[in-house]
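Heads up: the structure comes next, in structure tokens.
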Amino acid sequence: MTDAELLTRARDWLDQDPDPATRAELAGLLALAEDGGEAALADLRDRFATSLEFGTAGLRGALGAGPNRMNRAVVMRAAAGIGAWLGGGRHVVIGYDARHRSADFAADSAAVLTGAGHRVSVLPGPLPTPVLAFAVRDLAADAGIMVTASHNPPQDNGYKVYVGGTGPDAGAQIVSPVDTEIAAAIDAVGPVGSLPLGEGWTVLGEEAVERYLAAITALPLGTERDLSTAYTAMHGVGGRVLLRAMERAGFARPAVVAAQFDPDPDFPTVEFPNPEEPGAMDMAAAEGEAAGADLVIANDPDADRLAVAVPGYGLLTGNEVGGLLAEYVLDHTSGPERVVATSIVSSSLLGKIAADRGVHYEETLTGFKWLARAGAPGQRRVFCFEEALGYCVGGDGGRPVADKDGISAALAVAALAADAKRGGLTLVDLLDAQARRYGLHLSDQLSVRVDDLAVIAAAMRRLRAEPPTAFGPLKVAGVDDFAGGRGDLPPTDALRFRVEGSVLGRVTLRPSGTEPKLKAYVEVVLDVDGDVAATRARGSELLSELMASVAGAVSA
């Protein structure tokens, strides 16, 4: 694209941009570019040389003017495409978080969909993503839209789509080929200014939240309630819903990190609003210590994830929490055809637990859009998780939410911890007991953030063409390439290296689906012979050695 073509495209966008804020932003950039400003031209090229791609994760990107940014024009086109894909006269539920422009994007979506003849229900304020996923199923809607960028940086926003209906997948995120069908419908949308806009949508009342709370507090949560907790909402929308859920389930009100409790789209106290990031849980840990809490819990900003820490021990990994919750759920559900599931990048421990308990086990691609669909018809998905702090808890009555849910997972973890406390144990004691039964499974992950996605593609090509022969002291015994699909799994860009030596393990590599990162997931499994603490120390050293070797191989 020449500079002249770039400027023409930007001027055309300016003429149809419905938002005064992004019009002013773009007009300023155009003026600088027309005066020969190289930085302004480069910025315009980044905004207009390509567009945000609609995929199974919907849309996600930085806020700003242009087709490669999240803005009102992009969102209105997306809503129009979704409306066209649905057909006429359908019911759509819309939710939104407290990020910059989320409420505006929700209102624009409602106006476009109502104008297209659809019935639209909007949640009553900024709320967690799992409330939207629940409402889609609860209202038997035809689709759901959630405006959120989850735990992305403050400058980002996003747009997720959920399927509706009354089937077992109702309230789950879309999968292929729905994404390509919606993307084609979006591409066919004409000028934003020509879209008919409606005003007659319904804003739901608090009963939408009450019905969600009633559903998740009906999960099997045992009877023990003697537990003190500390909690952070990480500047997101989970705080008030989490407190109501804990109190409704009979737990004492958690001590909260006041500076992080109210929603704040700038996330001022954390570099990245993700509980997995170093330092993000520091204030929660301090609150837990000050309160003498038994447990520290955190949600990410849209509360679909849960982080768990034990005072005096530290943060548990998602794999560790997943293993503990799996046994808890299986202890509190019954009947045949139960299914548990995890993803290809998560711990192998769940497969051992399932085999021991005689329940069905399934491994899916990464993401709850796949985990929510695990199992065959007639089977009951009672639990699934992925290592990135995502959990979906069910009971004999089914799953309230067909997506990851950090609120219901918090209730289950609290119930588990209270039950352990009654016996004089902590979650760490339960981890040690698991290690003695199934082997000590230790895991870690590495993220390589890039500015140019071509760097990731080149790294994956290189690792396929010249796979490493070893990582640290462990030899590569085999390579599983998921690019062509494996078994019943659809194709995905991922590699798994099976390693062996003094212990067994695996290294799985995949590009992130929502951020410009190449991610590596490393697991080692050690037999416990006597002292778990000593085995853990030995395994941690080995894991660190592997992580360093993986970092070198990925960055080479």
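These numbers come from a predicted model, not from an experiment.
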Least distance between heavy atoms, Phe368 atom then Tyr391 atom: CZ-N, 3.7 Å
Verify the distance criterion only: is there a donor paired with an acceptor across the side chains of Ser348 and Arg506 at less than 3.5 Å? no
Is Glu387 salt-bridged to Lys519, going by a charged N under 4.0 Å from an acidic O? no
Note: Asp493-Arg461 ion pair, threshold 4.0 Å (strictly below): no
Side chains of Thr232 and Glu287: do they bring a donor and an acceptor to under 3.5 Å? no
When the side chains of residues 236-246 are checked against the rest of the protein, which donor-acceptor pairs come out under 3.5 Å, sequence neighbours left out?
unit_1: Arg240; atom_1: NH1; unit_2: Asp262; atom_2: OD1; d: 3.4
unit_1: Arg240; atom_1: NH2; unit_2: Asp262; atom_2: OD1; d: 2.9
unit_1: Arg244; atom_1: NH1; unit_2: Glu206; atom_2: OE1; d: 3.2
unit_1: Arg244; atom_1: NH2; unit_2: Glu210; atom_2: OE2; d: 2.5

Does Asp480 offer a backbone N or O that forms a donor-acceptor pair with the side chain of Arg486 under 3.5 Å? no
Consider only side-chain N and O atoms of Arg510 and Tyr521, and report whether a donor and an acceptor are under 3.5 Å apart. yes
If you count heavy atoms of other groups shown closer than 6.0 angstrom to CD of Glu277, is the number above 12? yes
Is Asp294 reaching over with its side chain to a backbone N or O of Leu227, donor-acceptor style, under 3.5 angstrom? no
Look at the aromatic rings of Phe134 and Tyr212 and report parallel, tilted or perpendicular, splitting at 30° and 60°. perpendicular
Using a strict threshold of under 4.0 Å (side-chain N to carboxylate O), is an ion pair present between Asp432 and Arg536? yes
What do you reckon, is CG of Asp527 surrounded by more than 12 foreign heavy atoms closer than 6.0 Å? no
Side chains of Asp419 and Tyr328 only: does a donor on one sit below 3.5 Å from an acceptor on the other? no
Does Glu53, at its CD atom, have more than 12 non-hydrogen atoms belonging to other residues, nucleotides or ligands within less than 6.0 Å? no
Inspect the contact between Arg380 and Asp396 and indicate whether a charged nitrogen and a carboxylate oxygen are less than 4.0 angstrom apart. yes
With a 4.5 Å cut-off on side-chain heavy atoms, are Ser347 and Ser443 touching? no
Ignoring hydrogens, what is the shortest heavy-atom contact between Leu518 and Ala459? Give both atom names and the distance. CD2-CB, 4.1 Å
Please work out which of the three classes, parallel, tilted or perpendicular, describes the rings of Phe471 and Phe497, given edges at 30° and 60°. perpendicular
Between Glu523 and His441: side-chain donor-acceptor atoms closer than 3.5 Å: no
Where Ala307 and Leu315 come nearest, the two heavy atoms and their spacing: CB-CD1, 4.1 Å
Does CD belonging to Glu289 count more than 12 external heavy atoms closer than 6.0 Å? no
Salt bridge present between Arg538 and Asp531 (N-O < 4.0 angstrom): no
Any sub-3.5 Å donor-acceptor pair from Asp97's side-chain atoms to Asp302's backbone N or O? no
